[in-house]
Amino acid sequence: MLRSVSSKRSFSVASRLFANKKHEVVVIGGGPGGYIAAIKAAQQGYDTACVEKRGRLGGTCLNVGCIPSKALLNNSQLFHQMKSDAKGRGIDIDGTVNINVANLQKHKDTVVKQLTGGIEMLFKKHKIAYYKGEGSFEDTTHVKVSPVDGLEGSVKEETVLETEKVIVATGSEVTPFPGITIDEERIISSTGALSLKEIPKRFTIIGGGIIGLEMASVYSRLGSEVTIVEFQPQIGASMDGEVAKATQKFLKKQGINFKLSTKVLSGVREGEVVNIEVEAVKDGKKEKLQADALLVAVGRRPYIKGLNAEKIGLEVDKRGRLVIDDQFNSKHPNIKVVGDVTFGPMLAHKAEEEGVAAVEYFKTGHGHVNYNNIPSVMYSHPEVAWTGQTEEQLKEANIKFKVGKFPFIANSRAKTNSDTEGFVKILIDEKTERILGAHIIGPNAGEMIAEAGLAIEYGASAEDVARVCHAHPTLSEAFKEAAMAAYDQPLNF
């Protein structure tokens with residue numbers, strides 16, 4: 001009751017100062033979790049609003065993450081293939097194959113503009129009110145939208161939105177590296193790595209996770225001498241151990257250098273170069289490196305700046321994430337939280353699933369996200385994709401399992417495509433033969449992992465998958481053969 005009185009008082013003050021509007025659902029944040037939640041809410045019949053301060057919808061993913069990086073990855077691979085592999089495929093190219101950095105960036109920007117604009121069209125289609133500005137809590141049922149200087153289309157004055165339900169989807173930001181100053185010119189974040197105007201001759205990356213490895217792939221193909229410095233003894237963060245080792249082997253063959261179990265002590269720009277000092281974790285031996293560009297790719301952290309979360313008592317854990325229960329509720333049942341700003345892997349598709357589920361919980365009291373079946377993909381070449389559990393996780397949980405593997409070199413479509421690096425690895429329960437995890441390194445892995453996700457979601461056994469007729473010749477036959485290898489024997493290896 002006291003909270004209710006306080007809410008009314010804070011709104012009465014606000015109403016005398018600002019223009020006010022009312023919506024049933026207000027979503028703070030227009031990234032994958034936020035814009036999908038807004039669309040789902042509108043589809044469920046709610047009068048919905050979305051507040052976003054970037055000025056373009058789609059969040060980090062569409063603007064400075066997943067989408068632009070995939071444009072660069074795809075086009076750099078095409079360039080590399082034309083330059084080094086065309087002749088062997090019977091394609092003669094007259095003259096030299098060169099990269100035009102300006103046009104490479106132009107293509108990337110065009111794709112981003114089209115997709116972010118597409119979301120705005122969806123908002124109009126579903127009659128979602130779109131407020132360009134910074135969203136913050138006045139109280140549990142009132143969200144203030146503040147103007148953003150220099151932002152085209154920003155709200156012109158502070159506006160307070162009265163609402164019954166709020167979904168917080170403010171996303172994440174680049175994690176800084178202590179002692180290293182990012183200038184987005186020579187010392188760059190993942191954002192700066194997507195917009196370089198020239199290809200650095202020497203490119204050093206701090207961090208051997210997905211972002212670091214993808215950017216290493218792009219610039220290695222474009223001609224950079226790439227070195228990855230990683231504190232852990234293995235790349236790939238949450239990858240299955242065997243897959244991570246195979247991935248490093250393939251990337252090393254492509255010319256990428258690795259310094260594992262290595263700590264970065266400093267990185268300082270001096271003119272047009274960056275001087276870096278590193279130290280071996282095991283013996284403390286120091287080494288000095290020099291680069292034309294240094295990428296800091298040590299992860300991302302939840303973003304709650306400006307949200308005014310403390311004003312309404314939202315709980316924040318030691319990692320800076322907003323605390324929620326299993327139905328995405330904060331301490332206030334009318335305020336749900338989804339995406340990077342709370343627990344779980346920082347993946348766009350995970351945020352989207354949560355956005356849908358949060359709205360469903362509001363509407364029906366039921367929702368669904370299976371956190372044991374969230375796929376991850378690294379868009380290197382070969383691609384790496386996985387879902388479910390790794391060998392290491394199964395061993396730690398004391399679960400007895402069997403492994404089925406099938407190499408792409410024995411797959412007819414991979415052979416015809418001259419793209420045979422990698423394998424499919426399937427982990428199954430020793431007794432029930434139910435699929436527990438799938439790990440793919442090879443061509444089209446990011447698309448193929450969807451079959452694994454479907455199998456895990458519906459509790460399929462390896463034999464269930466193997467008895468489904470797969471078209472020939474396709475890469476997906478490798479998945480079928482790996483399933484056969486897990487419970488019996490493959491036919492083509």
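Values below: all heavy atoms of this structure, side chains included; hydrogens, waters and symmetry mates excluded.
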Centroid-to-centroid, Tyr35 to Phe123, below 6.0 Å? no
Measure from NZ or CZ of Lys144 to the centre of the six-membered ring of Phe137 and say whether it is under 6.0 Å with the direction within 45° of the ring axis. no
Can you check side-chain contact (heavy atoms from CB on, under 4.5 Å) on Phe203 and Ser220, steps first, answer last? CA-CA 9 Å; Phe203 191 39; Ser220 175; over 6 Å; no
Among Arg221, His107, Lys70, side-chain hydrogen bond (donor to acceptor under 3.5 Å, both in side chains) partner for Asn75: His107
Under 4.0 Å between a Lys/Arg side-chain N and an Asp/Glu carboxylate O for Glu24 and Lys165? no
Do the charged groups of Lys201 and Asp292 touch, with an N to O distance under 4.0 Å? no
More than 12 heavy atoms from other groups under 6.0 Å of NZ on Lys83: no
Indicate the atoms forming the closest heavy-atom contact of Ile228 with Gly212, along with that distance. CD1-O, 4.3 Å
Please determine whether a side-chain nitrogen of the Lys or Arg among Glu185 and Arg269 lies less than 4.0 Å from a carboxylate oxygen of the Asp or Glu. yes
So do the side chains of Ile99 and Leu104 get within less than 4.5 Å of each other, counting heavy atoms only? yes
Between Glu242 and Lys425, does at least one N-O distance fall below 4.0 Å, as a salt bridge requires? yes
Around Phe231, counting heavy atoms of other residues, nucleotides and ligands shown, do more than 12 lie under 6.0 Å from its CZ? no
Any chance you could measure Asp340, atom CG, to Tyr303, atom OH, to the nearest 0.5 Å? 13.5 Å
Do Ile426 and Phe479 make a side-chain contact, defined as non-hydrogen atoms from C-beta onward lying under 4.5 Å apart? yes
Under 6.0 Å between the ring centres of His23 and Tyr131? yes
Under the 3.5 angstrom rule, does the side chain of Asn334 hit a backbone N or O of Thr140 as a donor-acceptor pair? yes
Does the cation-pi check pass for Lys252 over Phe258, that is, NZ or CZ under 6.0 Å from the six-membered ring centre and within 45° of its axis? no
Is any NZ, NE, NH1 or NH2 atom of the basic residue among Lys311 and Glu138 found under 4.0 Å from an Asp or Glu carboxylate oxygen of the other? yes
Heavy-atom count around Arg300 CZ within 6.0 Å, excluding the residue itself: above 12? yes
If I take atom CG from residue Leu194 and atom OG from residue Ser69, how far apart are they, to the nearest 0.5 angstrom? 6.0 Å
Do His470 and Glu451 have a side chain donor and acceptor closer than 3.5 Å? yes
